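One structure is given below, encoded as structure tokens.
Quick caveat, the model's predicted, so the values are computed rather than measured. The figures that follow rest on heavy atoms only: side chains count, while hydrogens, waters and symmetry mates do not.
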Amino acid sequence: MDEMELKRKKSWIKHYDFILADFIVLQISHILANLIRYRTSSYGGMGYAFNLPIFKNEVIFLTVCLVASITFGDPYKNVLKNSKYVEFVKTFKHTLKMAMVNIVIIYFSQLGNDSSRSVVLMTWGIYFVLEYFARQIQKTYLRKKKSIMVQEEL
């Protein structure tokens with residue numbers, strides 16, 4: 001294994017906790033968007049959304065968007081060093097890129113008529129807010145953990 005591959009592997013392993021948090025927040029965002037959209041639906045309420053074939057497809061599409069973003073975008077670079085403002089901007093850009101990939105996937109798979117535009121937009125809006133706060137909480141936790149480890153070494 002050459003040095004470049006080793007560095008790339010280390011960068012993925014180093015941010016596994018952020019990747020896991022991203023995945024969980026993304027799925028929660030999608031579920032919340034569906035709950036908001038279909039909670040008072042005349043189609044049959046909240047259970048209706050989860051029985052739609054497009055719901056299951058969207059879960060796969062969202063996962064593909066996240067993997068593509070992580071692979072090609074490196075959204076976690078200097079995540080612990082970034083200020084709140086820089087993190088806000090990086091989270092916004094990360095969310096925007098993923099949303100655009102999601103919309104392209106929906107368009108090219110010709111599922112635009114089946115999917116709800118409001119669910120897609122709400123998913124990304126909710127994701128942005130939750131992801132920003134999740135990163136801030138995670139960074140605070142990791143910084144605190146790091147300072148405790150430094151104090152124990154002394």
Side-chain angles (χ1 to χ4, degrees), residues 4-143:
M4 237 9 209
E5 281 184 55
L6 193 59
K7 275 188 174 183
R8 186 177 296 169
K9 267 191 174 179
K10 277 187 177 182
S11 69
W12 282 61
I13 293 169
K14 186 168 65 171
H15 299 299
Y16 74 92
D17 47 352
F18 285 97
I19 294 170
L20 181 63
D22 262 5
F23 179 76
I24 291 169
V25 166
L26 187 56
Q27 299 306 322
I28 289 171
S29 300
H30 184 58
I31 290 169
L32 286 174
N34 275 286
L35 290 175
I36 292 168
R37 166 64 176 90
Y38 294 108
R39 68 184 154 85
T40 58
S41 173
S42 60
Y43 297 116
M46 291 186 279
Y48 174 76
F50 304 116
N51 291 325
L52 291 172
I54 190 67
F55 179 81
K56 295 168 183 98
N57 290 337
E58 269 293 317
V59 170
I60 294 167
F61 296 161
L62 294 174
T63 304
V64 168
C65 292
L66 183 62
V67 170
S69 175
I70 292 167
T71 304
F72 301 114
D74 198 18
Y76 310 112
K77 187 174 182 176
N78 297 326
V79 71
L80 291 175
K81 297 176 186 175
N82 294 336
S83 68
K84 289 182 181 185
Y85 173 73
V86 171
E87 196 62 43
F88 183 85
V89 171
K90 285 185 82 171
T91 303
F92 182 76
K93 287 180 181 179
H94 172 67
T95 302
L96 193 60
K97 288 175 188 175
M98 287 176 52
M100 291 184 340
V101 169
N102 185 307
I103 291 168
V104 167
I105 290 172
I106 291 171
Y107 176 76
F108 281 113
S109 62
Q110 297 181 347
L111 293 171
N113 292 335
D114 298 334
S115 63
S116 169
R117 288 180 295 277
S118 60
V119 169
V120 172
L121 292 174
M122 279 191 283
T123 297
W124 294 109
I126 294 168
Y127 174 75
F128 170 66
V129 171
L130 292 180
E131 181 59 23
Y132 176 73
F133 287 116
R135 283 188 185 198
Q136 294 306 314
I137 292 168
Q138 205 164 2
K139 285 168 52 170
T140 302
Y141 169 75
L142 289 173
R143 286 176 182 150

Flag the pair [X] / [Y] as yes when at least one side-chain heavy-atom distance between them is below 4.5 Å, and no otherwise.
X      : Y      : answer
Val64  : Asn102 : no
Lys84  : Phe88  : no
Leu62  : Trp124 : yes
Arg135 : Pro75  : yes
Met98  : Leu26  : yes
Val89  : Tyr85  : yes

Pairwise distance [atom1]([X]) to [atom2]([Y]) - rounded to 0.5 angstrom:
X      : Y      : atom1 : atom2 : answer
Glu58  : Phe61  : CD    : CZ    : 6.5 Å
Arg143 : Lys81  : CZ    : NZ    : 11.5 Å
Met122 : Leu32  : CE    : CG    : 10.0 Å
Leu130 : Thr95  : CG    : OG1   : 10.0 Å
Ser118 : Ile36  : OG    : CD1   : 10.0 Å
Leu80  : Leu142 : CG    : CG    : 5.5 Å

Give a yes or no answer on whether the side chain of Lys139 reaches the backbone of Val79 with a donor-acceptor pair at less than 3.5 Å.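 Yes: the side chain of Lys139 pairs with the backbone of Val79.
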
Look only at the side chain of Asn82 and the backbone of Asn78, and say whether a donor-acceptor pair between them is shorter than 3.5 Å. yes

Taking the six-membered ring for Trp, is the centroid-to-centroid distance between Phe133 and Phe128 below 6.0 Å?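 Judged by ring-centre distance (under 6.0 Å), Phe133 and Phe128 do not meet the cut-off.
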
Please report the shortest heavy-atom distance between [X] and [Y], naming the atom on each side.
X     : Y      : result
His30 : Thr123 : ND1-OG1, 3.5 Å
Cys65 : Ile105 : SG-CD1, 4.1 Å
Ile19 : Leu66  : O-CD2, 4.4 Å
Thr71 : Val67  : OG1-O, 2.7 Å

Can you name the ring pair (Phe, Tyr, Trp, His ring centres under 6.0 Å) partners of Phe18, sequence neighbours left out? none

Do Tyr127 and His94 have a side chain donor and acceptor closer than 3.5 Å? yes

For Val25 and Ile126, what are the C-alpha separation, side-chain angles and deciding distance, and is it a side chain to side chain contact (heavy atoms under 4.5 Å, CB included)? CA-CA 9 Å; Val25 166; Ile126 294 168; over 6 Å; no

